[in-house]
Every structure is written in C-alpha cells, then in structure tokens.
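Order of appearance sets the numbers: ligands from 1, and atoms from 1 within every ligand. Below, each value reflects all heavy atoms present in this structure, side chains not excepted, and no hydrogens, waters or symmetry copies.
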Amino acid sequence: MKVYKFGGASVKDGDGVRNVTSIVRNANSQLIVVISAMGKMTNAFEVLNDAWFNKDEAKIQEALVPIKNYHEEIVKDLFGSAQASVRYNEFISQLENRLCGVSSMHFDYEYDQVVSYGELLSTAIIADYWESQGLDCCWQDVRNLLKTDDLYRDANVDWELTTKYMKEAFQFADAGLYLTQGFLGGTISNLTTTLGREGSDYTAAIIGHVMDAQDVTIWKDVPGVLNADPRWYAGTVKINEISYLEAIELSFYGAQVIHPKTLKPLQNKNIPMYVKSFVDPTATGTIICERKGISEMVPVYILKTNQVFVTISPFDFSFIMEDKLIEIISIFRKYRVKMNLMQNSALNFSACFDRKRDTEAFLNALNKEFSVRYNEDVELITIRQYTPEAIEEMTSGREVLDSQVTRKVARFVLR
Ligand code: ADP
Ligand code: ASP
Ligand code: MG
C-alpha cells in the first residue's frame, strides 16, 4: 500500500484534477490519497474566517463569493454543470448554515472550523469526480480518524487513537483507493482541528507511518527537492537522494517544499518518501531515505521573508542567563511565536520570527518586561554546506543584522 499526497497547486483547476486522476489511475497499487484545499483556497478561507470572527456580515458574504465561484467553476469544468457535485453542495450548505450563527470568542477554534472547508470541499468534488469516472474510490472524513488534542491551528496527534481508527477505516476490503483530506484532524469530542499551515504533507506521513505504507509520495510543482526555491534562485539543481536527517534539517530551516513535521514519522519506520513532479510524473524526483553521509555537496539555500528581528535586553542590565531566558521564552510561548533563529550574548537576546496577526500584542507584552528593539520585513537566509562564494553571493551589498555560522550551516539576518 502506498500514500500519495497532492497539494493545492496540483488541483487548482479542472485540468489539474484530471491530471491527478491519471496519476492515481497509473499507481498500480492500493492507495490512500491525501489532498489539500484547491489552489490558494486556504488563504481565501482565512479572509472568510476573519470576517466571521469579527461578526461582519457584509464581509462574510463578500468573502464567500470568490470561494463559491472558484469551486463551482471547477465543478462545471469537470461535470459540465456547476450543480453536479452532490458532496460539494452538502458541504457548502453546511458551511453557510454555520455562518448564519454567531462566532465564539476563540479565534483559533473558529479558524479550524471554517478554514477546514477548503479540504472538505476539495476532496468532496474530487471524490464525486472519481466516482463519475468509474474509479473504485472511498471518501473518508479524516477528522474521524486522525485524532488530536485541542490545540487549534497547531494540533498534536494522538498516535494511539489515530492508529486504532485508521487501521479500522483503511482496510481495503471495499475499495482499492481511499481519498481523504490533508491538514485536518478531530478532537475526541469530534471538533475540527488543523495541523498548521501547509500541514497536508504531515498528514500523508502520519497515514504512511500508521498504515506501514511501502512508501509515501508528495507530488509537487517542482521536479523534486532542489538546492533552493526556484521562485527566487536561478540555476537550482535537483537533489536526487537525501537522508532523512538532512531533509529534516532543510525543512526545519524553512525549505517550503516539505512541512517540517513530515519526515520524523517516516524515518521512525524507515519508510521512504518521494518528492515528485505532478507535471512530469514519470521523472525520477527525489528520494528521501536512510543513508549515510551528505548527498550532493552543493550549497543549499533557504530563504525566509517577512521576518521580524527582535533584540531584547533586561531593563536592569542583568545578564541573559537561565532565569531571564525562561522569562523571555515563556512570552514567546504564550503568544505561540515560533523562533526561526535565536541568539544570545551577555546582555541581549535576539530572535527572528514570522510576522503574524498578533505580533503587535506580542511585542507589547515583551516591551512591558524588557527593553525591546526590532526590525520588520527582514530576510533570514540559511546556507547549508556553505562555501565562501555562496556566502558572498547571498550577502554582498546587503546589511547583515545578525549572523550565526556553524561547521555546516551559515545563517544571516539581512535587511
Ligand atoms: P504544495 O502544493 O504541496 O502546497 P508547496 O507550494 O507548499 O506545495 O511547495 C512547493 C514549492 O516549494 C515549490 O513550488 C517551490 O517554489 C518551493 N520550494 C521552496 N524550497 C524548495 C526546494 N528546496 N526545493 C523545491 N521546491 C522548493
Ligand atoms: N491547505 C492548507 C494550507 O494551504 C494545508 C496544505 O496545503 O498543506 O496551508
Ligand atoms: Mg502548500
């Protein structure tokens, strides 16, 4: 049994869905397919959720229009009529009913209840399409199988319950092909949770681990894992084979191609993961597996944009030692700000993190206890297997606000 995962870019329109369908048909294996929200729909659902949370009726209706138009265009393309997908219509009515109520005061909870419709609608349409095309497919609601705690927007997997429910659901007795949603989970009270943005890769790995899959393939719009994001670096090269450990590090430092939590569950059971192109499905892609030593000795570049770089110093000039570190880190933790880089000296603690909607509140909280300076909209560049030339290429002509260089990795905060 194999697991395939398709992200939003692969199912962004009718042609995309047809292409994914043909890849699935050619699998020649029992298959569990994980699919994300179509195109950039998760962003559109975030806009909808903001309006819903702010109880702004006009904006809710305004945000719903592009969501419905987008999906109905795809349904029309696939079936010839915008009304043809029964499952889609059911979920849209469910969502509209929900939006007739009143939002609670828990932003993260509401977020998961609303944004999850991206994956529900996407898999609803594709399941109906596959059935119409004669595929022997069984749609599963992953919220009943992938059980989590109630840390909304960043839920943690309950492995014991998830194993129990997934093994019951994915028996391949009644179908040779299952279709389910990435990114979503459910609490033991059956409330919807999500695993964090871009979390569908992680869903595929969870299923692969629990079901002892032969392998897991994540189908992307790139030929495999490259030594940089081709959207900002010209002349990338593909890495054909890479160890779990190296790939974990790349994703940890922010290489967007794989969600950081994805590889550990696979490594634990030695299940290989392929990163392949849905544009060129027969090409080899990248294999991530157990192997010794470094793959290809090319520098690998990872860029994180829209970073806030903050420098924190105690008011009383005390040193940054254990007690102060605990105080600082607990404020980060309280606001769930994930540090992409941290560094401390005798009197300062510095960190880089992604700008988010509550960054202002977080900075205010820090300001109450510490002297705080910060720069916004900076970039964090990580170079693995760096060379002097690679460092020069990335930093020349730029103002370096901070740097951190170890034996294998060089990191720069740049304005
Ligand atoms: P998904 O369709 O699964 O959501 P993503 O858009 O999240 O896929 O990830 C694929 C994108 O990741 C690529 O289009 C590419 O721009 C970007 N990317 C960033 N770093 C790398 C890298 N090292 N190798 C390949 N792609 C990368
Ligand atoms: N749809 C979700 C997102 O865009 C999950 C994913 O695509 O992996 O973040
Ligand atoms: Mg994505």
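- Between Asp154 and Lys261, at least one side-chain N (NZ, or NE/NH1/NH2) sits under 4.0 Å from a carboxylate O, which counts as a salt bridge.
- Of the options Ile258, Ile218, Val257, Asp221, the smallest heavy-atom separation from atom 13 (C) of ligand 1 is shown by Asp221.
- Within ligand 1, the atoms closer than 4.0 Å to a non-hydrogen atom of Gly8 are 2 (O), numbered from 1 in the order shown.
- Residue Glu198 has at least one heavy-atom neighbour below 4.0 Å for each of these atoms of ligand 1: 4 (O), 7 (O).
- Counting heavy atoms closer than 4.0 Å to ligand 2, residue Ser200 contributes atoms from both its backbone and its side chain.
- With contacts defined as side-chain heavy-atom distances shorter than 4.5 Å, the pair Glu360/Arg355 qualifies.
- Counting non-hydrogen atoms of neighbouring residues, nucleotides and ligands closer than 6.0 angstrom, the CD1 atom of Ile188 reaches no more than 12 such neighbours.
- Heavy-atom neighbours of Met1 CE from other residues, nucleotides or ligands within 6.0 Å: above the threshold of 12.
- Residue Gly7 has at least one heavy-atom neighbour below 4.0 Å for each of these atoms of ligand 1: 1 (P), 2 (O), 3 (O).
- Remark: Asp112 does not engage Arg153 in a salt bridge, criterion side-chain N to carboxylate O under 4.0 Å.
- Under a 4.0 angstrom heavy-atom cut-off, Gly199 registers as being in contact with ligand 2.
- Between Arg357 and Glu46 there is no salt bridge, since no side-chain nitrogen of the basic residue lies less than 4.0 Å from a carboxylate oxygen of the acidic one.
- Surrounding NZ of Lys12 are at most 12 heavy atoms belonging to other residues, nucleotides or ligands under 6.0 Å away.
- Heavy atoms of Glu119 approach ligand 2 to within less than 4.0 angstrom.
- No salt bridge links Asp402 with Arg411; every basic N to acidic carboxylate O contact stays at or beyond 4.0 Å.
- At least one side-chain heavy atom of Thr187 sits less than 4.5 Å from a side-chain heavy atom of Tyr152.
- When only non-hydrogen protein atoms are considered, atom 15 (C) of ligand 1 lies nearest to Asp229 OD1, 3.4 Å.
- Asp354 has no carboxylate O lying under 4.0 Å from a charged side-chain N of Arg197, or vice versa, which leaves the two without a salt bridge.
- At the shortest separation from atom 23 (N) of ligand 1 among protein heavy atoms lies Leu226 O, 2.9 Å.
- Among protein heavy atoms, the minimum distance from atom 3 (C) of ligand 2 is reached at Arg197 NE, 3.3 Å.
- With Phe353 as the partner, the ring pair (Phe, Tyr, Trp, His ring centres under 6.0 Å) test is satisfied by one option alone out of Tyr374, Phe362, Tyr335: Phe362.
- For Lys5, the closest heavy-atom approach to ligand 1 falls below 4.0 Å.
- For the side-chain contact (heavy atoms from CB on, under 4.5 Å) with Lys5, the lone residue among Val216, Val33, Val34 that qualifies is Val34.
- Under the 4.0 Å criterion applied to side-chain N and carboxylate O atoms, Arg398 and Glu379 are assigned as salt-bridge partners.
- The atoms of ligand 1 that sit less than 4.0 Å from any heavy atom of Gly224 are 24 (N), 25 (C).
- Summarising the local packing, CZ of Phe107 is surrounded by more than 12 heavy atoms from other residues, nucleotides or ligands at distances under 6.0 Å.
- Under 4.0 Å from ligand 1, the heavy atoms of Ala228 that appear belong solely to its backbone.
- Other residues, nucleotides and ligands contribute more than 12 heavy atoms inside 6.0 Å of the CD atom of Glu168.
- The distance from ligand 2 to the heavy atoms of Thr42 drops below 4.0 Å at these ligand atoms: 1 (N), 2 (C), 3 (C), 4 (O).
- Scanning the protein for heavy atoms near atom 8 (O) of ligand 1, the closest one is Lys220 NZ, 3.3 Å.
- Of all protein atoms, those of element N, O or S that lie under 2.8 Å from the Mg ion (ligand 3) number 1.
- Around NZ of Lys334, the count of heavy atoms belonging to other residues, nucleotides or ligands within 6.0 Å does not exceed 12.
- For ligand 2, the atoms sitting less than 4.0 Å from at least one non-hydrogen atom of Phe183 are 2 (C), 5 (C), numbered in the order shown with element in parentheses.
- Contacts of Gln256 with ligand 1, taken as heavy-atom pairs under 4.0 Å, involve both backbone and side chain.
- The closest non-hydrogen atom to atom 7 (O) of ligand 2, taken over Ala9, Ser36, Gly118, comes from Ser36.
- In terms of polar-atom proximity, Asn227 is not counted as a contact of ligand 1, lacking any N or O under 3.5 Å from an N or O of the ligand.
- Near Arg231, with a cut-off below 4.0 Å to any heavy atom, the atoms of ligand 1 are 16 (O), 17 (C).
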